Amino acid sequence: MRDSVRVRYAPSPTGFPHVGNIRTALFNWLFARNMGGSFIVRIEDTDVARMVDGAVESILDGLRWLGLDWDEGPEVGGEYGPYFQSQRLGIYQPIVQRLVRDGHAYLCYCSPERLEEMRLEQTRRKEPPGYDRRCRSLSNEERARLEDEGITPVIRFKTPLDGETRFNDLIKGEVAFKNSTLDDFVLLKSDGYPTYHLANVVDDHLMAISHVLRADEWLASTPRHILLYNALGFEPPQFAHLPMILGSDRSKLSKRHGAVSITEYQDQGYLPEAMVNFLALLGWSLDDRTELMSREELVKNFNLERISRTSAIFDLKKLDWMNGVYIRQLSQDELLERLMPFLESGLPTSVERPISLDYVRKIIPLVQERMRTLGEGVELYDFFFINQPDYDAELLLGKTLDRERASGALGISLDRLSGLDSFDSESLEGVLRLLSSELGLKTGEFFGLIRVATTGRIAAPPLFQTMAVLGRERCLGRIEEATRRLSRRGPEQ
RNA sequence: GGCGCAUUCGUCUAGUGGUCAAGGACACCUCCCUCUCAAGGAGGAGAUCGGGGGUUCGAAUCCCCCAUGCGCUACCA
């Protein structure tokens, strides 16, 4: 059993689920599924001050949305629980006491103020900042005196003063750190909570984690963790540090680069399967050409060997393209189902609810290949739903028409269209094409005019089909309105 | 400042000593299709592989130095 692959995603509930973070979750999940191992979720809620309400829920929602199911963790339990570190406090205490007893850790009474001052002084003198180990060798009397002052100590790890710590990272390769560059980091805070370093190491061991796949930013902490594993007499897991995801300016991806929370992408109408595919390719590749892969194909092919060592910039344009590809791959019924919630919440309240499924069903074939996100679909094609789109009368004229000609064309169109037996796309095309040549207008000019009149936009789905879906009444009404708009602002132009 | 990691088209990447005068994708440009926009099709432009030294018959691939970027350097994770 010890040989089986067990990986974990260990988020800290201090905010929204960042896409970089979720990518880490994805890689862990893919690795577990590929190896037939277990994917565990563990909540690292050891920083009471930074906890954010609802963060756990939104992290779990993000995982669920992407279909990253976990074998052990919140809600599903498991034999290594509990899976919230705040519920494991009783586990860390005795372990840290043992460390103190064995001489691997010590009590530190230094105040935050002193530490702050010390760091300031160190940077001023251009020395590497780090704890100066003042409490590492306290005499019994000194310790007793500090205890009497009522100071609650923290517990620090007694980092070896010399030697070096090396390990073989599965992605970066052999990495070595001199122990002298590491300071005596805190294991147990004065509020009784463990730090990340302690809790993470203890829990990874207790939960029999075989591989730690985490972001690159942890690489520098790994020697501390290895030292801790050794002091504890635990076998360290294998480490694999994932490249980071950066914003367009190469700095750490953050708010100013746009959406960073996975829930924002969900809200904007990105498809989870597209998101999974896109995220998987940020730092991993199958070969020199395969890009579109289903979840099953990703699981089947994923491996650590092909994870890149260099950080990747999040390219929204490519995500948009890929999302469009996935939208086009959907069956019309599937797209209908996925689009409805966006229409219900995105369309103005003036549009009657519930929105008619049958009506949307007719629109789907016209918009499917034009959408990159579901949310964008609502914005681009709202003219199918609202009463009268608003637009600048100038748009009716395009580049070539004048007001007179346009009004005339609209008038005749109104006539012909109201006399049409059947308002279907073929009949519309027949009538309008004929009219176009009668008027001596190029189809581009004339259809452009009608397009703006009926949709309020210069770019829309194919005109005749669009008009057929809109229906006679609405089209005629909008053409009348267009005529009004032309005359209203005409003269003073 | 110290330590660590990285460095191939604008971006994601392929590439592990010769088949690379570097391949694919997004984005960009042109053309075709066409009532617009998309989608689709056909092309194009775009990287002297961060720079400099080696090693070798031969280097994007190996070694060294430099530069740059990023990360860490908390009683945050």
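Owing to the predicted nature of the structure, the values given are computational and were not obtained by experimental measurement. Per chain, numbering begins at 1; letters A, B, ... match sequence-line order. FYI, side chains are in, hydrogens and waters are out, and symmetry mates aren't considered; it's all heavy atoms of this structure.
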- Message: What I want to check is whether an N or O donor and acceptor connect the side chain of Thr443(A) with the base of rC35(B) at under 3.5 Å.
- Response: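 Check fails, no donor-acceptor contact within cut-off.
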- Message: Should the side chain of Lys172(A) and the base of rA6(B) be counted as holding a donor-acceptor pair, with the cut-off at 3.5 Å?
- Response: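 Absent.
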Students often get this wrong, so: under 4.0 angstrom with heavy atoms, is [X] touching a base, only sugar-phosphate, or nothing?
X	result
Arg306(A)	sugar-phosphate
Leu219(A)	sugar-phosphate
Met322(A)	nothing
Phe177(A)	sugar-phosphate
Ser248(A)	nothing
Val186(A)	sugar-phosphate
Gly324(A)	nothing
Cys110(A)	base
Ile155(A)	nothing
Arg156(A)	sugar-phosphate
Glu291(A)	base
Arg457(A)	nothing
Pro11(A)	nothing

In whole Å, measure the gap between the [atom1] atoms of [N] and [M] for me.
N	M	atom1	value
rC32(B)	rG46(B)	C1'	23 Å
rC12(B)	rA47(B)	C1'	14 Å
rU68(B)	rA27(B)	P	35 Å

- Message: If we check side-chain hydrogen bond (donor to acceptor under 3.5 Å, both in side chains) with Tyr109(A), which of these qualifies: Glu147(A), Glu149(A), Arg143(A)?
- Response: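 Looking at Glu147(A), Glu149(A), Arg143(A), the match for Tyr109(A) under the side-chain hydrogen bond (donor to acceptor under 3.5 Å, both in side chains) is Glu147(A).
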Using a cut-off of strictly less than 4.0 Å, decide whether [X] has a side-chain nitrogen or oxygen near OP1 or OP2 of [N].
X	N	answer
Arg119(A)	rC75(B)	yes
Arg250(A)	rU11(B)	yes
Lys442(A)	rU34(B)	no
Thr14(A)	rC76(B)	no
Lys178(A)	rU73(B)	no
Thr181(A)	rG2(B)	no
Arg309(A)	rC5(B)	no

Evaluate the ring planes of [X] and [Y], with Trp represented by its six-membered ring, and classify them as parallel (under 30°), tilted (30 to 60°) or perpendicular (over 60°).
X	Y	value
His197(A)	His225(A)	tilted
Tyr265(A)	Phe314(A)	tilted
Tyr381(A)	Phe384(A)	tilted

- Message: Does this structure show an ion pair linking Arg485(A) with Asp390(A), if we count only N-O contacts that are shorter than 4.0 Å?
- Response: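 Looking at Asp390(A) together with Arg485(A), the answer is yes, because their closest N to O distance falls below 4.0 Å.
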- Message: Check this for me, if you would: do Asp169(A) and Lys172(A) make a salt bridge, where the nitrogen-to-carboxylate-oxygen distance has to be below 4.0 angstrom?
- Response: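 Result for this pair is no, no salt bridge flagged.
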Nucleotide nearest [X] (side chain, heavy atoms from C-beta), chosen from [options]:
X	options	result
Ile313(A)	rC75(B), rG71(B), rC12(B)	rC12(B)
Thr195(A)	rU11(B), rG71(B), rC76(B)	rC76(B)
Lys252(A)	rA77(B), rC5(B), rC72(B)	rC72(B)

